[in-house]
Amino acid sequence: VQLQASGGGLVQAGGSLRLSCAASGRTFSSYAMGWFRQDPGKEREFVAAITWSGAITYYSPSVKGRFTISRDNAKNTAYLQMNSLKPEDTAVYYCAAAEMILRTARGYNYWGQGTQVTVSS
């Protein structure tokens, strides 16, 4: 499956953004999806994940209550709604697909190209 992330941009603290991850291929609905983020010089950090059905979601403690992961299998798209953004949320955000829901990057087989999110104070 090929993934294309979009929706990043520059936003003021307290604002919102919605990231999208469009997938090609007919097997999107069989994959769990995850969002990760990475600052230069830092390791890739888990943000959120969702099972193939959308029934189960995981969040990093740093974003829980502010971010919401979702998916629309009919549209082959996963989303990350980000509210109450903080300057520390600034990073490149990546979407990824895996055979099962995971919190670690190592288990994801397919990755999108990343989209920059910048939150100004």
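For this chain, numbers begin at 1 and follow the sequence in order.
In this structure, Ala13 and Pro87 approach most closely via the heavy-atom pair CB-CD, 4.1 Å. Residues Asn83 and Ser16 share a closest heavy-atom pair of OD1-OG, 2.9 Å. Nearest heavy-atom pair across Ile69 and Trp35 is CD1-CD1, 3.5 Å. Taking every heavy atom of both residues into account, Ser24 and Val1 meet most closely at O-CG2, 3.0 Å. Contact between Tyr108 and Ala49 at its shortest, heavy atoms only, is OH-CB, 3.5 Å. Listed here is the closest heavy atom pair of Leu3 and Ala23: CD2-CB, 3.6 Å.
For the atom pair CD (Gln12) and OG (Ser120), the distance works out to 5.0 Å, reported to the nearest 0.5 Å. For the atom pair Gln113 CD and Cys95 SG, the distance stands at 7.0 Å (nearest 0.5 Å). Separation of atoms CG (Leu17) and OH (Tyr93) is listed at 9.0 Å; rounding is to 0.5 Å.
In this structure, Arg71 is positioned above the aromatic face of Phe28, its NZ or CZ under 6.0 Å from the six-membered ring centre and within 45° of the axis.
Screening Leu80, Val92, Asp89 for a side-chain contact (heavy atoms from CB on, under 4.5 Å) involving Arg37 leaves a single residue, Asp89. Considering Val63, Leu19, Val119 in turn, Leu19 is the only one that fulfils the side-chain contact (heavy atoms from CB on, under 4.5 Å) rule with Met82.
Two residues are said to be in side-chain contact when any heavy atoms from C-beta on lie closer than 4.5 Å; Gln4 and Ser20 fail this criterion. Here the side chains of Cys21 and Met33 are in contact, with some heavy-atom distance below 4.5 Å.
Every pair tested for ring-ring contact (aromatic ring centres under 6.0 Å, His included) that includes a residue from residues 56-82 fails, sequence neighbours excluded, so the list is empty. Residue pairs meeting the disulfide bond (SG atoms under 2.5 Å apart) criterion with at least one partner in residues 33-79, sequence neighbours excluded, are absent.
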For Gln81 and Ser70: C-alpha separation, side-chain torsions, deciding distance, then whether side-chain contact (heavy atoms from CB on, under 4.5 Å) applies.
CA-CA 8 Å; Gln81 177 67 44; Ser70 62; over 6 Å; no
Passes side-chain contact (heavy atoms from CB on, under 4.5 Å), Ile56 versus Ile101? Steps please.
CA-CA 8 Å; Ile56 298 173; Ile101 188 170; 4.3 Å; yes
Thr90 vs Glu88, test: side-chain contact (heavy atoms from CB on, under 4.5 Å). Steps then yes/no.
CA-CA 5 Å; Thr90 295; Glu88 51 263 43; over 6 Å; no
Using the rule given for side-chain contact (heavy atoms from CB on, under 4.5 Å), can you reason through Phe46 versus Thr104, listing the C-alpha separation, both sets of side-chain angles and the distance that settles it, and then say yes or no?
CA-CA 7 Å; Phe46 170 75; Thr104 56; over 6 Å; no
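No side-chain N or O of Thr77 forms a donor-acceptor pair with one of Asp72 less than 3.5 Å apart.
The environment of Glu99 atom CD is sparse: at most 12 non-hydrogen atoms of other residues, nucleotides or ligands sit within 6.0 angstrom.
Relative ring orientation between Trp111 and Phe36 is described as tilted, the plane-to-plane angle lying within the 30° to 60° band.
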